[in-house]
S.K.: 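Have a look at this one before I ask anything.
In this text, all values refer to a predicted model and were calculated from it rather than measured experimentally.
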Amino acid sequence: QVQLVESGGGSVQAGGSLTLSCATSRYTFVSSFMGWFRQAPGKAREGVASILPGTTSTYYHDSAKCRFIITHDYAKNTIYLIMNNLKPEDTAMYYCAASQNRPQSWPRLEPVEFSHWGQGTQVTVSS
């Protein structure tokens with residue numbers, strides 16, 4: 001059973017920073033395509049950034065470029081989303097996801113192509 005455990009959400013003011021973590025098993029970490037998604041109230045879930053653990057392969061949605069960094073710690077089986085210069089429009093529930101098959105849209109992120117999801121962590125940015 002694939003388990004993804006997110007942490008690190010919270011409330012910050014605009015311009016602040018947060019780092020989200022997603023921990024998983026060793027097997028999942030080394031065999032999966034992984035990414036961060038977010039979903040704001042009333043909006044569709046959207047991909048934010050993707051990473052293939054163990055490589056330098058990353059991808060960012062336009063909304064995340066130059067502000068967010070996706071990275072991983074191979075020893076801890078954890079991926080991170082470092083979010084800088086946060087804006088109120090970044091407010092959403094953030095989800096970590098994994099796919100053990102290469103998603104057709106990879107490195108872009110389509111929610112329907114990911115079968116394993118974490119429980120989500122809330123990020124709230126106030127102006």
Side-chain angles (χ1 to χ4, degrees):
Q1 183 177 359
V2 175
Q3 283 195 317
L4 303 168
V5 181
E6 301 110 329
S7 62
S11 298
V12 296
Q13 291 191 323
S17 298
L18 283 172
T19 296
L20 307 182
S21 302
C22 173
T24 188
S25 69
R26 186 61 164 181
Y27 176 76
T28 299
F29 187 78
V30 301
S31 65
S32 298
F33 297 82
M34 299 187 71
W36 285 98
F37 292 78
R38 66 186 182 186
Q39 188 167 17
K43 294 190 176 181
R45 191 168 296 190
E46 64 176 7
V48 176
S50 65
I51 189 166
L52 184 59
T55 77
T56 57
S57 174
T58 59
Y59 164 84
Y60 296 92
H61 185 270
D62 285 348
S63 63
K65 288 178 180 177
C66 301
R67 297 190 301 127
F68 295 1
I69 299 170
I70 188 169
T71 186
H72 66 283
D73 186 326
Y74 202 80
K76 295 182 177 180
N77 306 322
T78 299
I79 67 168
Y80 302 93
L81 186 67
I82 303 168
M83 304 186 293
N84 298 310
N85 191 22
L86 283 161
K87 304 176 181 180
E89 51 264 43
D90 294 317
T91 295
M93 185 72 78
Y94 283 70
Y95 298 92
C96 176
S99 172
Q100 291 171 319
N101 298 310
R102 182 186 177 96
Q104 189 171 1
S105 302
W106 187 265
R108 291 182 296 108
L109 297 162
E110 293 293 338
V112 69
E113 295 177 346
F114 284 77
S115 52
H116 305 293
W117 294 85
Q119 80 285 357
T121 186
Q122 178 69 37
V123 172
T124 303
V125 185
S126 58
S127 57

S.K.: How would you list all residue pairs meeting disulfide bond (SG atoms under 2.5 Å apart) that involve residues 29-58, not counting sequence neighbours?
M.R.: none
S.K.: Where do S57 and T55 come nearest, in terms of heavy atoms and distance?
M.R.: N-OG1, 3.0 Å
S.K.: For H116 and Q3, what are the C-alpha separation, side-chain angles and deciding distance, and is it a side chain to side chain contact (heavy atoms under 4.5 Å, CB included)?
M.R.: CA-CA 8 Å; H116 305 293; Q3 283 195 317; over 6 Å; no
S.K.: Suppose clustering is done on Ile, Leu, Val, Met, Phe, Trp and Tyr with side-chain heavy atoms closer than 4.5 Å. Which residues sit in the same group as V112?
M.R.: none
S.K.: Quick check for you: to the nearest 0.5 Å, what is the distance between S126 atom OG and K87 atom NZ?
M.R.: 15.5 Å
S.K.: Going by the rule salt bridge (Lys or Arg N to Asp or Glu O under 4.0 Å), which residues pair with K43 if we only count those two or more places apart in sequence or in a different chain?
M.R.: none
S.K.: Any disulfide bond (SG atoms under 2.5 Å apart) pairs touching residues 80-127, not counting sequence neighbours?
M.R.: C22-C96
S.K.: So, using salt bridge (Lys or Arg N to Asp or Glu O under 4.0 Å) as the criterion, who are the partners of E89 when residues are at least two apart?
M.R.: none
S.K.: What are the two closest non-hydrogen atoms of P111 and R45, and how far apart are they?
M.R.: CG-O, 3.6 Å
S.K.: Kindly indicate whether the side chain of E110, heavy atoms from C-beta on, has any atom under 4.5 Å from the side chain of Q104.
M.R.: no
S.K.: Just jot down the side chain to side chain contact (heavy atoms under 4.5 Å, CB included) partners of P107, sequence neighbours excluded, or say none.
M.R.: S50, Y59
S.K.: Has H72 got a side-chain atom pairing as donor or acceptor with G54's backbone, closer than 3.5 angstrom?
M.R.: yes
S.K.: Is the backbone N or O of Q39 less than 3.5 Å from a side-chain atom of E46, with the two atoms forming a donor-acceptor pair by type?
M.R.: no
S.K.: Who are the side chain to side chain donor-acceptor pair (under 3.5 Å) partners of T19, not counting sequence neighbours?
M.R.: none
S.K.: Which atom pair, heavy atoms only, marks the closest approach of E6 to G120?
M.R.: OE1-N, 2.8 Å
S.K.: If you link I, L, V, M, F, W and Y whenever their side-chain heavy atoms are under 4.5 Å apart, who else ends up in the same group as F33?
M.R.: F37, L52, M93, Y95, W106, L109, F114, W117
S.K.: For the pair T28 (side chain) and T24 (backbone), establish whether a donor and an acceptor sit closer than 3.5 Å, ignoring hydrogens and angles.
M.R.: no
S.K.: Report the residues that fulfil side chain to side chain contact (heavy atoms under 4.5 Å, CB included) with S127, sequence neighbours left out, ordered by chain and then residue number.
M.R.: P88
S.K.: Please report the interatomic distance CG(D90) to CZ(R38), rounded to the nearest 0.5 Å.
M.R.: 5.0 Å
S.K.: Strictly by modelled atom types, are N77 and R26 linked by a side-chain donor-acceptor pair under 3.5 Å?
M.R.: yes
S.K.: Walk me through it: do E113 and S105 pass the test side chain to side chain contact (heavy atoms under 4.5 Å, CB included)?
M.R.: CA-CA 8 Å; E113 295 177 346; S105 302; 3.1 Å; yes
S.K.: Scan side-chain atoms only and decide if S17 and N84 contain a donor-acceptor pair under the 3.5 Å cut-off.
M.R.: yes
S.K.: OG of S7 to CD of Q119: how many Å apart, nearest 0.5 Å?
M.R.: 8.5 Å
S.K.: Who pairs with S115 by side chain to side chain contact (heavy atoms under 4.5 Å, CB included), at least two apart in sequence or on another chain?
M.R.: none
S.K.: Identify, with sequence neighbours excluded, every residue that meets salt bridge (Lys or Arg N to Asp or Glu O under 4.0 Å) alongside R102.
M.R.: none
S.K.: Starting from Y74 and following side-chain heavy-atom contacts under 4.5 Å between hydrophobic residues (I, L, V, M, F, W, Y), which residues can be reached?
M.R.: V2, L4, V12, L18, L20, F29, V30, M34, W36, V48, I51, Y60, F68, I69, I70, I79, L81, I82, M83, L86, Y94, V123, V125
S.K.: Using only atom types and a distance under 3.5 Å, with no angle test, would you say the side chain of T121 pairs donor to acceptor with the backbone of G9?
M.R.: yes
